[in-house]
Protein chains: 2
Amino acid sequence: MGIEERKERERQMRRQQIMDAAKKVFASKGFGGATMENIAEEAEFSPATLYLYFKNKDELFASLNLRMLQDLISRVEGVRDQKDLVPEKRIMALEKALYEVYLEDPLNVVNVLRFQSRGRLKSLSPELSGQIRECTRQYIRAIADLFQEGVRQGAFLDCHPVAFAEIVWSIFAGLVLNEDTKRGLDEGKDLLEPTLILALEIIGRGIMKN
Amino acid sequence: MGIEERKERERQMRRQQIMDAAKKVFASKGFGGATMENIAEEAEFSPATLYLYFKNKDELFASLNLRMLQDLISRVEGVRDQKDLVPEKRIMALEKALYEVYLEDPLNVVNVLRFQSRGRLKSLSPELSGQIRECTRQYIRAIADLFQEGVRQGAFLDCHPVAFAEIVWSIFAGLVLNEDTKRGLDEGKDLLEPTLILALEIIGRGIMKN
DNA sequence: ATGTTCTCTGAATACTGTTTAGTGAATAAA
DNA sequence: TTTATTCACTAAACAGTATTCAGAGAACAT
């Protein structure tokens with residue numbers, strides 16, 4: 001049946017169209033400032049139509065997170081798989097990967113990090129929240145593997161690899177949010193990159209066996 | 001005029017009463033989940049009355065942040081002033097101070113960290129946002145001083161002290177939010193303390209001149 | 001006793017996420 | 001070709017909540 005397939009394809013395109021519009025609107029107004037009406041207008045649909053493709057506003061937003069998380073995963077796994085680099089260099093390659101994810105779409109990264117609270121995640125469908133959980137597991141796992149490889153080679157001190165991965169991730173998330181907060185209080189310049197580099201240099205030295 | 005003074009005192013008490021109620025409600029429902037009606041009910045006032053004491057919901061919430069930030073400042077300055085400890089121990093004392101702030105009221109700490117976005121801070125009165133800026137400056141300054149003291153004593157590597165302070169703060173904020181997110185996705189146990197200790201041990205080693 | 005100020009509230013307003021009931025076109029069946 | 005069914009959408013209604021407004025009543029001053 002060619003008709004069914006064409007319809008499904010069209011449906012996916014419209015879904016994508018809504019996500020593109022949402023991404024634009026969320027980036028310019030933030031999660032709270034964006035209204036479903038804004039997004040509908042940008043996507044050239046009525047607000048009601050959005051609900052045929054997404055359960056609610058949270059779920060629409062979280063679907064965008066998923067795209068970002070997948071980008072993150074592929075970059076971090078890329079670093080994990082560069083087995084030729086010495087462990088020390090790979091920590092810095094990780095820094096670069098994280099920063100590139102941020103550069104891809106700074107405002108949405110901030111939004112995503114602020115969004116993922118306990119309360120919000122409860123309102124998602126089990127499928128979507130399962131996918132997010134899986135993505136989180138994956139990039140933490142990739143960082144942990146990268147670290148463990150360094151331990152195996154005798155370069156790093158032996159400590160809980162998942163805890164290490166969470167620390168690296170938290171530094172990234174914390175610095176991103178901190179820069180955003182500073183911009184809210186003050187018109188300071190964006191010092192994320194040098195600070196992130198310094199942080200991972202310190203971390204790198206801190207886990208080196210000497 | 002004793003009457004004027006009594007009235008002012010009573011006014012401050014009612015303001016406090018509202019803040020106490022708000023703290024309770026925000027902690028149990030989060031910022032988004034708490035309604036002004038909930039808070040008014042808890043404080044035994046009508047919602048309209050709340051607006052005689054606070055400009056809006058954001059400002060009421062941010063006033064609570066201020067209490068937490070002041071607690072944070074006094075603890076961190078306490079560590080900064082323990083000049084008898086060796087620099088290495090002071091990094092761990094800092095860890096303890098941060099963790100104690102968290103324990104004081106975990107849910108509100110999470111709420112505060114999620115709240116401080118550019119958009120939100122714009123809706124505050126200049127006075128309040130000025131006070132928040134000042135508090136932020138103060139605890140960052142205290143951590144930076146503490147670090148610089150270690151540099152002066154020749155124990156730490158010389159790097160930008162404010163950047164160092166922001167890294168420490170970001171680790172704390174990032175780990176707190178990360179734990180909260182995990183609880184939202186999964187019913188994992190709270191591993192904040194061991195992870196925070198590990199993070200500051202790594203940081204401590206990373207800045208040590210050897 | 002009367003006017004004034006202070007403090008509070010009930011009711012109205014405005015905005016926004018979400019649902020409902022229904023329309024018209026595309027498709028399938030007769 | 002005509003009729004029935006499904007699909008994709010939307011206008012309008014609904015519901016919840018932050019915020020404002022107009023006025024009541026008590027405390028205070030004259």
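First the proteins, then the strands, lettered A, B, ... as listed; each starts at 1.
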* To do: Using only side-chain N and O atoms of Arg6(B), determine if any of them is under 4.0 Å from OP1 or OP2 of dC28(D).
  =>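 Looking at the OP1 and OP2 atoms of dC28(D), one of them is under 4.0 Å from a side-chain N or O of Arg6(B).
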* **Phosphate contact (dC9(D) OP1 or OP2) by Arg14(A) side-chain N/O below 4.0 Å** =>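 Yes, Arg14(A) has a side-chain N/O under 4.0 Å of OP1/OP2 on dC9(D).
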* Asked: Which comes earlier along DNA chain C counting from the 5' end, the contact point of Lys7(B) or that of Glu44(B), where each point is its nearest nucleotide?
  ->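 Mapping each residue to its closest nucleotide by heavy atoms, the 5'-most match is Lys7(B).
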Rounded distance in Å - [atom1] ([X]) to [atom2] ([N]):
X        : N       : atom1 : atom2 : value
Lys57(A) : dT16(C) : NZ    : P     : 9 Å
Ile18(A) : dT10(D) : CD1   : C1'   : 13 Å
Arg15(A) : dC9(D)  : CZ    : C1'   : 18 Å
Asn38(A) : dG17(C) : CG    : P     : 8 Å
Phe26(B) : dA18(D) : CZ    : P     : 9 Å
Phe31(A) : dT16(C) : CZ    : P     : 14 Å
Glu37(B) : dA18(D) : CD    : P     : 9 Å
Leu60(B) : dT17(D) : CG    : C1'   : 15 Å

* When you measure from every atom of DNA chain D, which of residues 45-56 of chain B have a heavy atom less than 4.0 Å away? ->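 Correct list: Ala48(B), Tyr51(B), Asn56(B).
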* **Least distance between heavy atoms, Thr181(A) atom then Leu121(B) atom** =>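 Looks like O-CD1, 3.9 Å.
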* Asked: Between Lys122(A) and Asp58(A), is the closest basic N to carboxylate O distance under 4.0 Å?
  ->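 Not counted as a salt bridge, because no side-chain N and carboxylate O are separated by less than 4.0 Å.
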* Asked: Can Glu100(A) and Lys96(A) be counted as an ion pair, charged N to O under 4.0 angstrom?
  ->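 So Glu100(A) pairs with Lys96(A) through a salt bridge.
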* To do: Go through the steps to decide whether Gln16(A) and Gln12(A) satisfy the test side chain to side chain donor-acceptor pair (under 3.5 Å), and finish with yes or no.
  => CA-CA 6 Å; Gln16(A) 192 57 47; Gln12(A) 288 306 325; over 6 Å; no
* Donor-acceptor contact below 3.5 Å, side chain Glu88(B) vs main chain Gly204(B) ->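 No.
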* Answer with base, sugar-phosphate or nothing: what part of the nucleic acid does Ala34(B) contact at a heavy-atom distance below 4.0 Å? =>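 Answer is sugar-phosphate: Ala34(B) comes under 4.0 Å of backbone atoms only.
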* Asked: For Thr195(B) and Glu166(A), does a side-chain donor sit closer than 3.5 Å to a side-chain acceptor?
  ->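 No donor-acceptor contact under 3.5 Å links the two side chains.
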* To do: Examine Lys23(A) relative to Phe61(A) and say whether NZ or CZ is less than 6.0 Å from the centre of the six-membered ring and inside a 45° cone about the ring axis.
  =>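 Because its charged atom misses either the 6.0 Å distance or the 45° angle limit, Lys23(A) does not stack over Phe61(A).
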